[in-house]
Amino acid sequence: MRLPDYALSPLTYALLLTLALVGLWPRLPRTLRVVGVAVAIVLLISMAPVGANVLVRMVESQAPPASDCPVPAPSTIVLLDGGTDRRPLSPDDLSALSEPSLHRLFAAVGLWRRTPGAHLVISGGGPGVPDSVLLRGLAERMGVPAGAIEIEDESRTTWENAMYTSRLSPPVARRIWLVTSAMHMPRALGAFRAWGFEPCAYPSGSLHTPFSARIGYFMPQSSSLAKAEAAIHELVGGFVYRMLEWKQHRKNNPTEHEPSTSARH
């Protein structure tokens, strides 16, 4: 079950904590007052560029750079969709594609152009017209031949991206370039490894911005709140996905978890 956005927002908890402190302040012991104010300050900092970038770095640093991919480099590129801004009206309604989807596609097509004989797999479903159908159409307009593209159009989550891609026929090569945003990459890598792939990370872009001494870098901003929410979503999602990966590993390797003969006797 997907949590509502407000459940992973520091703004939600900052408001709730502030209301609690205001209402209970006369009855709170000094220690709880200090702790409450300190937590509120941390939440405010997380909504400023200085705090949001720390959260972003915590997530994005978990994925290895593309330069760590062992040679020879994969010739199969798997692109994960980034969703749409609205429901597309037709397979040609490319304006429905979200900014993350476009960034990921541009990165994947650029990688395809530098990889002789590359095969591009686009993964992503969606209500109505699947996201992968929209992305395939745009990839073809950018010069990728239809014969070099394969789509997976059933998935709605990152876990399903990996699961349904692993079930395509003919089978997709195990060694792949995995193209998605840097923020999304750690969770995506784990999911694809769980489903038997050997992915090399190819991030389409980072949300991290350089440090600045300007006062605005330390002030809460709506753009920083969005970055913090995205990072927290990935941190929480990463924990959930590690549980899924563990269960999938047990399913794929049942003998590793069976008690030995000597242990049974």
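In this text, all values refer to a predicted model and were calculated from it rather than measured experimentally.
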Under a 3.5 Å distance rule, please check whether Y13 uses its side chain to pair with a backbone N or O of V39 as donor and acceptor. no
Does the distance from a Lys or Arg side-chain N to an Asp or Glu carboxylate O, for D93 and R86, drop under 4.0 Å? yes
Please report the shortest heavy-atom distance between L178 and P199, naming the atom on each side. CB-CB, 4.2 Å
Where the side chain of S61 meets the backbone of R57, is there a donor-acceptor pair that is under 3.5 Å apart? yes
Verify, without hydrogens or angle tests, whether K227 (side chain) and P49 (backbone) share a donor-acceptor contact under 3.5 angstrom. no
Looking only at heavy atoms, which two atoms of L225 and P10 are closest? And how far apart? CD1-CG, 3.8 Å
Of all heavy-atom pairs between A191 and A162, which one has the smallest distance, and what is that distance? O-CB, 3.6 Å
Got more than 12 heavy atoms from elsewhere within 6.0 Å of OH, Y6? no
In the structure I gave you, are the side-chain heavy atoms of L80 and S123 within less than 4.5 Å of one another anywhere? yes
For residues V121 and I151, determine if any side-chain heavy atom of one lies less than 4.5 Å from a side-chain heavy atom of the other. no
Can you list, pair by pair, the side-chain donor-acceptor contacts under 3.5 Å of residues 131-145, counting residues two or more places apart and other chains?
residue, atom, partner, partner atom, Å
S132, OG, G124, O, 2.9
S132, OG, E152, O, 3.3

As an exercise, state the distance from NZ of K251 to NZ of K247, rounded to the nearest 0.5 Å. 12.0 Å
Does P171 offer a backbone N or O that forms a donor-acceptor pair with the side chain of S169 under 3.5 Å? no
Quick one: does any side-chain atom of S9 pair with a main-chain N or O of L11 as donor and acceptor, under 3.5 Å? yes
Parallel, tilted or perpendicular: which describes the rings of F211 and Y217, with under 30° parallel and over 60° perpendicular? perpendicular
Side chains of F239 and R242: does their closest heavy-atom pair fall under 4.5 Å? yes
Just verifying a value: how many Å separate S46 OG and I232 CD1, rounded to the nearest 0.5 Å? 6.0 Å
Determine, step by step, whether S155 and N161 satisfy the side-chain contact (heavy atoms from CB on, under 4.5 Å) criterion, reporting the C-alpha distance in whole Å, the side-chain angles of both residues, the deciding distance to 0.1 Å, and the verdict. CA-CA 5 Å; S155 58; N161 285 145; 2.7 Å; yes
Would L16 end up clustered with M47 when hydrophobic side chains under 4.5 Å apart are linked, directly or stepwise? no
Side chains of F192 and E198: closer than 4.5 Å at any heavy-atom pair? no
Nearest-0.5 Å distance, CD1 of residue I45 to CG of residue L55: 11.0 Å
Intermediate values then yes/no, side-chain contact (heavy atoms from CB on, under 4.5 Å), D85 and L97: CA-CA 6 Å; D85 289 332; L97 288 168; over 6 Å; no
For H184 and T158, which I'm curious about, is there any donor-acceptor pair between the side chains at under 3.5 Å? yes
Is it true that atom CZ of R214 has more than 12 heavy atoms of other residues, nucleotides or ligands lying nearer than 6.0 Å? no
Compare every heavy atom of C200 with every heavy atom of R175, then report the nearest pair and how far apart it is. NH2-SG, 4.2 Å
Say whether W195 and W177 are linked into one hydrophobic cluster, either directly or through other cluster members, by side-chain heavy-atom distances under 4.5 angstrom. no
Hey, could you give me each pair passing disulfide (SG to SG under 2.5 Å) that has a residue in residues 83-141? Not counting sequence neighbours. none
Between S181 and S204, is any pair of side-chain heavy atoms under 4.5 Å apart? yes
Working to the nearest 0.5 angstrom, can you tell me the gap between T180 OG1 and R104 CZ? 3.0 Å
side-chain contact (heavy atoms from CB on, under 4.5 Å), that's the test. Do F218 and L44 meet it? Break it down for me. CA-CA 9 Å; F218 303 91; L44 285 174; over 6 Å; no
Same apolar cluster (I L V M F W Y, side chains within < 4.5 Å links), L28/L43: yes
Working to the nearest 0.5 angstrom, can you tell me the gap between L32 CG and L24 CG? 10.0 Å
Show me the pairs that pass salt bridge (Lys or Arg N to Asp or Glu O under 4.0 Å) and involve residues 12-41, at least two apart or across chains. none
Identify every side-chain donor-acceptor pair in residues 66-79 under 3.5 Å, counting partners at least two apart or on other chains, and give the distances.
none

Does H119 reach the side chain of E150, with side-chain heavy atoms less than 4.5 Å apart? yes
Looking at A118, is its backbone amide N or carbonyl O close enough to the side chain of W112 to form a donor-acceptor pair, meaning the two atoms are under 3.5 Å apart? yes
Backbone of L8 reached by a side-chain donor or acceptor of E229 within 3.5 Å: no
Can you name the closest pair of heavy atoms from A63 and M185 and give their distance? CB-CG, 3.6 Å
Given the rule in the side-chain hydrogen bond (donor to acceptor under 3.5 Å, both in side chains) test, do E60 and H208 qualify, once you have shown the distances and angles that lead to the verdict? CA-CA 8 Å; E60 294 186 349; H208 188 269; over 6 Å; no
Between M219 and S224, is there a side-chain heavy-atom distance shorter than 4.5 Å? no
D153 side chain vs P130 backbone, donor-acceptor pair below 3.5 Å: no
Check this for me, if you would: do E234 and R187 make a salt bridge, where the nitrogen-to-carboxylate-oxygen distance has to be below 4.0 angstrom? yes
Under 4.5 Å between any side-chain heavy atoms of R87 and P127, yes or no? yes
If you look only at pairs with a residue in residues 97-173, which of them pass as a disulfide (SG to SG under 2.5 Å), with sequence neighbours excluded? none
May I have the step-by-step check of side-chain contact (heavy atoms from CB on, under 4.5 Å) for S166 and F197, ending in yes or no? CA-CA 8 Å; S166 73; F197 290 95; 3.6 Å; yes
Residues two or more places apart in sequence or in another chain: which of them pass side-chain contact (heavy atoms from CB on, under 4.5 Å) with R114? L111, Y202
Would you confirm whether R174, through its side chain, and V172, through its main-chain N or O, come within 3.5 Å as a donor-acceptor pair? yes
Examine I41 and L21 and state if one hydrophobic cluster contains both, with Ile, Leu, Val, Met, Phe, Trp and Tyr joined whenever side-chain heavy atoms are less than 4.5 Å apart. yes
Here the gap from M163 atom CE to T165 atom OG1, rounded to the nearest 0.5 Å, amounts to 9.5 Å
All heavy atoms of L189 vs all of A201, minimum pair found to be CD1-CB, 4.1 Å
So, D81 and S101: side-chain donor and acceptor under 3.5 Å apart, yes or no? no
If hydrophobic clusters are built from ILVMFWY residues whose side chains come within less than 4.5 Å, do L235 and M183 share one? yes
